Asks: 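First, the structure itself, so that you have it in front of you.
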Amino acid sequence: MSLKNLYPNKITESVYGLDWEKLAERYRGVIFDIDNTLVPHGAAADERAVGLFQRLRGLGMKTMLVSNNGAERVAPFAGQVESGYICKAGKPKADGYREAMRRMGTEPETTLFVGDQIFTDVWGANRAGIDTVLTKPVDRSTDEIQIVVKRWFERPFRKER
C-alpha cells in the first residue's frame with residue numbers, strides 16, 4: 001500500500017462550493033459518494049443535491065454514485081438526482097470506480113471523484129487513478145461509530161498533495 005494514495009488532490013469545505021464550470025473544462029464525468037458528501041448520513045436528496053446534478057448535466061458532465069450501501073439506500077437517492085449508481089461497491093477496492101467510469105464512458109484522466117472519507121473514498125479513487133476531492137462531512141453528528149473512529153485516524157492525511 002502506497003501512502004500517497006491516502007492523500008486527496010484537493011480539499012474543499014463542501015461539494016456545493018466547487019467551481020463546477022471550471023471543472024467541466026477538464027472532466028467529463030464525476031463520481032460521488034452520498035452520505036456526508038452530498039447530504040447527511042441516511043438523508044434523502046435535498047434541493048441542493050438535485051440542483052447540483054441538474055447543473056452538472058447542463059455542463060455536459062456525466063455522473064455516477066458509488067456507495068458501499070445497499071440498493072435500498074442508493075437506488076432512491078440516485079432516482080431523485082437522476083444519476084447512475086453502483087451499490088455495495090466494496091470501497092476502497094478500485095473495481096467500483098472502474099465500473100463507474102466504464103458506464104460513463106470516461107477514463108481516469110477525465111473523471112473526478114468527490115467524497116468525505118479517506119480510507120474508503122479517497123484511497124479507492126486514487127488507486128483507480130482518478131483525481132480526488134475530499135469534502136468536509138455535511139453533518140458529523142450523523143456518522144456511525146466506526147466512521148467516527150476512522151475520521152480520527154484520517155487526520156494526518158487531511159491535507160492536499
Side-chain angles (χ1 to χ4, degrees), residues 5-139 142-144 147 150:
N5 284 334
L6 295 173
Y7 289 95
N9 296 100
K10 179 176 178 53
I11 298 174
T12 188
E13 192 72 29
S14 168
V15 65
Y16 302 105
L18 291 169
D19 184 347
W20 289 106
E21 285 71 19
K22 180 131 178 90
L23 291 169
E25 294 172 10
R26 176 167 179 197
Y27 301 104
R28 292 184 36 236
V30 187
I31 301 170
F32 290 97
D33 174 57
I34 300 171
D35 289 322
N36 264 333
T37 298
L38 294 165
V39 294
H41 185 85
D46 57 18
E47 287 181 24
R48 287 192 323 165
V50 171
L52 173 62
F53 280 74
Q54 288 173 343
R55 180 177 172 194
L56 296 177
R57 282 191 296 276
L59 293 169
M61 298 178 88
K62 296 180 181 177
T63 61
M64 285 289 292
L65 301 170
V66 174
S67 176
N68 285 345
N69 284 304
E72 67 282 348
R73 166 69 178 133
V74 183
F77 193 96
Q80 290 174 305
V81 298
E82 299 179 35
S83 178
Y85 68 92
I86 296 171
C87 56
K88 296 190 178 185
K91 296 186 290 186
K93 292 180 184 174
D95 297 346
Y97 301 93
R98 289 187 184 117
E99 176 61 17
M101 287 187 285
R102 187 192 68 73
R103 292 184 192 182
M104 290 189 296
T106 62
E107 300 295 324
E109 302 79 33
T110 61
T111 306
L112 181 67
F113 175 80
V114 184
D116 70 301
Q117 292 185 60
I118 289 175
F119 293 137
T120 52
D121 299 331
V122 170
W123 186 21
N126 279 338
R127 290 170 64 204
I130 302 169
D131 284 347
T132 55
V133 175
L134 178 70
T135 66
K136 292 190 177 174
V138 173
D139 182 357
T142 63
D143 281 346
E144 296 172 339
I147 295 171
K150 280 196 291 185

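Sequential numbering from 1 along the given sequence is applied to the chain's residues. Bear in mind that the values here come from a model prediction, so they are computed numbers and not experimental data.
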Asks: Once you round to the nearest 0.5 Å, how far does CZ of R26 lie from CE of M61?
Replies: 11.0 Å

Asks: Rounded to the nearest 0.5 Å, how far does CZ of F77 lie from CG of N69?
Replies: 11.0 Å

Asks: Hey, does the side chain of R73 reach the backbone of A43 with a donor-acceptor pair shorter than 3.5 angstrom?
Replies: yes

Asks: Which atoms form the tightest heavy-atom contact between A71 and P76, and what is the distance?
Replies: O-CD, 3.4 Å

Asks: Is Y97 close to T111 at the side-chain level, that is, under 4.5 Å between some pair of heavy atoms?
Replies: no

Asks: From H41 NE2 over to I34 CD1, what is the distance, rounded to the nearest 0.5 angstrom?
Replies: 10.5 Å

Asks: Indicate the ring-plane relationship of F32 and W20, choosing parallel, tilted or perpendicular according to the 30° and 60° boundaries.
Replies: tilted

Asks: For the residue pair D116 / T135, report whether a side-chain donor-acceptor contact shorter than 3.5 Å exists.
Replies: no

Asks: State, with a plain yes or no, whether a side-chain heavy atom of V114 is found less than 4.5 Å away from one of T12.
Replies: no

Asks: Measure the spacing between OG1 of T63 and CD of Q54 and express it to the nearest 0.5 Å.
Replies: 11.5 Å

Asks: Counting N and O atoms only, with roles assigned by atom type, does the side chain of R55 sit under 3.5 Å from a partner on the main chain of E21, one being a donor and the other an acceptor?
Replies: no

Asks: For E82, does its backbone N or O pair with a side-chain atom of R57 as donor and acceptor, under 3.5 Å?
Replies: yes

Asks: Testing the basics here: between V39 and A45, what is the closest heavy-atom pair and its distance to 0.1 Å?
Replies: CG1-CA, 4.3 Å

Asks: With rounding to the nearest 0.5 Å, note down the distance linking CG in L65 to CG in D35.
Replies: 10.5 Å

Asks: Pick from T120, D33, N68: which one makes a side chain to side chain donor-acceptor pair (under 3.5 Å) with K91?
Replies: D33

Asks: Considering non-hydrogen atoms only, spot the tightest contact between G29 and T106 and give its length.
Replies: N-CG2, 3.9 Å

Asks: Minimum heavy-atom separation for C87 and G70, please, with both atom names.
Replies: CB-C, 3.9 Å

Asks: Distance-only, no hydrogens or angles: does the T132 side chain make a donor-acceptor pair with backbone N or O of N9 under 3.5 Å?
Replies: yes

Asks: Exactly one of T110, D131, L56, L59 should register a side-chain contact (heavy atoms from CB on, under 4.5 Å) with Y27. Which one does?
Replies: D131

Asks: Is there a side-chain contact between V30 and L23, using heavy atoms and a 4.5 Å cut-off?
Replies: no

Asks: If every non-hydrogen atom of G96 is compared with every non-hydrogen atom of I86, which pair is closest and at what distance?
Replies: O-CD1, 3.3 Å

Asks: Rounded to the nearest 0.5 Å, what's the gap from CZ on F113 to OG1 on T37? Could you check?
Replies: 6.5 Å

Asks: So do the side chains of M104 and I31 get within less than 4.5 Å of each other, counting heavy atoms only?
Replies: yes

Asks: Under 4.0 Å between a Lys/Arg side-chain N and an Asp/Glu carboxylate O for R28 and E107?
Replies: no

